[in-house]
Amino acid sequence: MSQHRLDYLDQLESESIHIFREVAGQFERPALLFSGGKDSIVLVHLALKAFRPGKFPFPLVHIDTGHNFQEALDFRDHLANAIGEKLIVRNVVDTIKEKNLTEQKGKFASRNALQTYTLLDTIEEFKFDACIGGARRDEEKARAKERIFSVRDEFGQWDPKLQRPELWNTYNGRIHKGENVRVFPISNWTELDIWNYIKRNEIELPSIYFAHNREVLEWQGQLVATSEFIKLDEADKVSVKKVRYRTVGDMTCTAAVESTASNIDDIIKEIIATKTSERGETRIDDRVSEAAMEDRKKNGYF
Amino acid sequence: MDILRFITAGSVDDGKSTLIGRLLYDSKSIMIDQLEAIEKQSKNKEDGEIDLALLTDGLRAEREQGITIDVAYKYFSTPKRKFIIADAPGHTQYTRNMVTGASNSDLAIILVDARNGVVEQTRRHSIITSLLNIPHVVVAINKMDLVNNSQDVYNNIVIDYAAVAISLGLKDITYIPISAINGDNIVEKSPAFPWYEGESLLHILENVEVANDINYTDARFPVQYVIRPQTEALHDYRGYAGKVVSGIYRKGDKITVQPSGLQSIISAIEIGGKEVDEAFAPQSVVLHLSDDIDISRGDVIVQSDNQPSVENELDVLLCWMGNKPLIAGNKYLLQINSRITRAVVKEIEYKLDVNSLLEEPAPEQAALNDIVKVKIKTASPVPFDSYKKLRVNGGAILIDETSNVTVGACMIQ
């Protein structure tokens, strides 16, 4: 029977495709949250495998904080265009204006918390009943406990104590009006799985994932790209370094890593050798408290 | 490289979290920043030592109260295998959580405290392992350091457990002496047990044969979604998308669609847009049939010469997971793979004591964490196999239609 064996990436791929098709079968108005980052790019590739030659039964949706890397935005538009699927973009800036929201202050003023407002408004605008996202359980301790089908109330809130038991490969996506489900098809993938899958399938990525020269600010041991969104002080140490991004989020809260890895093989080597976790190395926003992610999720964060 | 999914059964007192922390730590799956974070928390708690158990407690309430609320999933890998650990807590709602974690597991690690031997909890974990039909069991006899690494203590526990295993019909059991706190026999074989002839825990986990657990004989394909592009170029394209949950399908196979009983022939199979000659479990594929027959989500495509049962009366071993009790006559939705049908629990035949396996006949109702034998009648016929024979087509959930909550796990007999 040895010819009937799937290796781990094939198993993960099949599981994720199955989840995508459950979304298509169970929901009337799903959406795929797509940022132009590597995890959501892998989601798009999995969706292609799940639904081609048919169209996706959902649009791609991006909640743009206005603090994104231009390379990621360009790639987002390029990929949506290349596969001929609908892309909906909603801007946090518009929500801030419409709702008179107060922006964070300080050196790394982030719109991370504010994007939840835009996401919930977008869900309401299009009456989305399911939002597919690229979160993985290996990223963070609160995510390790979240279901693949994660029910949110009408305020988008996650209640970790009231999660539905999720058994076998049977997903219960039934909801009341106003609620919606966040679906995480790559829950069981690790960072390394993602990179190995990108390599095997020769998936194209935005250029910032590969080593390049960039002006960065050294701040508490992390390298943050200088940009119009970050306030520089005189004491700040700014220099040009060869870096790449391990994750792609907002410019205000994503740090780069020093690297000379210019191709996927070199990146995989670096990730195998690294002593720091993905979020620990690159996310400034998780450092606020032990439960930063848990609190954001409870408040409707993706 | 393949995947092993396993569950660890035991309470904090058995050293379960320490064992998981140890596996992650010694296999270098814990990064410096994560270690620093738990070091900081350990200090917050003012007891000094690094507490590896903190690695598995994800939520604030858990850290504050020192408890585990829910099933957490942990990942690590070695060059041989990717591992997915379902870490189910040992406190309240244990049965519900262990059943959930066990439903997808290939292997269960049952932790026994060497000082206490086989106790009620060991039996309970083993009974659930047997009910959920987990194919492989590792009995890890922990805290051997506290019994002077005694071979006699170990042997006596093995003898006691073997009797439990026989009564439950558990197969493929491996015993191992360990000390999770010291890391003995976890990643490397430890000199602490010169009398132990087996391998380290990680070695066992890396080498247990799971490919043979997949059933390649009874082919089942629940249809999830019908792909119909309806474009000019693909006007007649009609593909049935789903996962081969068991068995093998080949181009030209004679198939039957259940529960309708309609028949056809597989005209093409696609995987990721490419045509292939055969598809096997657990691949997600698209099937094409030579006839344009009525098939929709929830139908099951099977080989015509190997059929599942198709009935509307089911004998079910049910783990009740609802906060409100189950009373005979209650109506629910029954979901098996992609098929959902209305169902009524007609009769509660008996309640199973998960500590003793004794049956309490005809209870009035079933409460959270109870395991009961019930008769369920469905509004339309359901294609299924017995859970013992085919886990992937014999497990179903019950959904409360008013709250939408999953309230029961069904193992169809």
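Predicted, not measured: the structure shown is a model, and the values here were computed from it. Proteins get letters first, then strands, A, B, ... in listed order; numbering begins at 1 in each.
- Interface residue A:Asp193: only side-chain heavy atoms are found under 4.5 Å from chain B.
- Options A:Leu9, A:Asn172, A:Val151 differ in how many heavy-atom pairs under 4.5 Å they form with chain B, and the most are formed by A:Asn172.
- Inter-residue side-chain proximity for B:Val71 and A:Lys145 is flagged as unmet; no heavy-atom pair is nearer than 4.5 Å.
- For B:Tyr225 and A:Phe20, the gap between ring centers reaches or exceeds 6.0 Å.
- Looking at A:Thr170 and B:Ile336, their side chains never come closer than 4.5 Å, going by heavy atoms from C-beta outward.
- Interface residue A:Gln163: backbone and side-chain heavy atoms are both found under 4.5 Å from chain B.
- The structure places OG of B:Ser403 at 6.0 Å from NE2 of A:His176, a figure rounded to the nearest 0.5 Å.
- Interface residue B:Cys410: only backbone heavy atoms are found under 4.5 Å from chain A.
- Using a 4.5 Å heavy-atom threshold, the side chains of A:Leu6 and B:Phe280 count as touching.
- Between B:Ile214 and A:His4 the shortest side-chain heavy-atom distance does not fall below 4.5 Å.
- Comparing B:Gly395, B:Ala233, B:Gly272, B:Ala409 by heavy-atom pairs within less than 4.5 Å of chain A, the highest count is held by B:Gly395.
- For a residue to count as touching a neighbouring chain, one of its non-hydrogen atoms must lie under 4.5 Å from one of that chain's; by this rule B:Ala396 touches chain A with the backbone only.
- The contact between B:Val99 and chain A is made by backbone and side chain atoms together, counting heavy-atom distances below 4.5 Å.
- For the set A:Gly54, A:Gly25, A:Gly173, A:Pro57, the count of heavy-atom pairs under 4.5 angstrom toward chain B peaks at A:Gly25.
- Between A:Lys55 and B:Pro229 there is no side-chain heavy-atom pair separated by less than 4.5 Å.
- Contact annotation for A:Ser187: only backbone heavy atoms (N, CA, C, O) come within less than 4.5 Å of a heavy atom of chain B.
- Salt bridge A:Arg5/B:Glu209: present, at least one basic N to carboxylate O contact under 4.0 Å.
- With respect to A:Glu22 and B:Arg297, a salt bridge is recorded, a charged nitrogen being found less than 4.0 Å from a carboxylate O.
- In this structure, the separation between CD1 on B:Ile227 and CZ on A:Phe51 is 7.0 Å, given to the nearest 0.5 Å.
- With chain A as partner, the option from B:Ile84, B:Asn337, B:Val407, B:Ile399 having the largest number of non-hydrogen pairs under 4.5 angstrom is B:Ile399.
- Between chain B and the residues A:Glu179, A:Arg147, A:Arg164, the most heavy-atom pairs under 4.5 angstrom are made by A:Arg164.
- Interatomic distance, CD of A:Glu13 versus OG of B:Ser284, reported as 8.0 Å (0.5 Å rounding).
- Atom CZ of B:Arg81 sits about 14.0 Å away from atom OH of A:Tyr8, to the nearest 0.5 Å.
- To the nearest 0.5 Å, atoms CG (B:Leu333) and CZ (A:Arg174) are separated by 5.0 Å.
- Contact of the A:Gln26 side chain with the B:Gln335 side chain is registered, since non-hydrogen atoms from C-beta on lie closer than 4.5 Å.
- When heavy atoms are compared at a cutoff of 4.5 Å, B:Tyr73 approaches chain A by way of both its backbone and its side chain.
- Within the model, atoms CG of A:Asp10 and CE of B:Met1 stand 12.0 Å from one another, a figure rounded to the nearest 0.5 Å.
- With chain A as the partner, the residue from B:Glu278, B:Arg391, B:Glu401 showing the most heavy-atom pairs under 4.5 Å is B:Glu278.
- In this structure a side-chain-to-backbone donor-acceptor pair under 3.5 Å is present from B:Asn104 to A:Trp168.
- Contact of the A:Asp138 side chain with the B:Phe76 side chain is not registered, since no non-hydrogen atoms from C-beta on lie closer than 4.5 Å.
- Of the possible donor and acceptor atoms, one in the side chain of A:Ser14 sits under 3.5 Å from a partner among the backbone N and O of B:Pro282.
- Annotation for B:Arg250: atom CZ counts as buried by contact number, over 12 foreign heavy atoms lying within 6.0 Å.
- For the pair B:Lys82 and A:Leu12, the minimum side-chain heavy-atom distance is below 4.5 Å.
- Between the side chains of B:Tyr75 and A:Asn188, at least one donor N or O sits under 3.5 Å from an acceptor N or O.
- Residue contact with chain B, scored on non-hydrogen atoms closer than 4.5 Å, involves the backbone of A:Arg52 exclusively.
- The pair B:Arg5-A:Glu15 meets the salt-bridge criterion, with a side-chain N (NZ, NE, NH1 or NH2) lying under 4.0 Å from an Asp/Glu carboxylate O.
- For chain A, the nearby parts of B:Ile3 are the backbone and the side chain; heavy atoms of each come within less than 4.5 Å.
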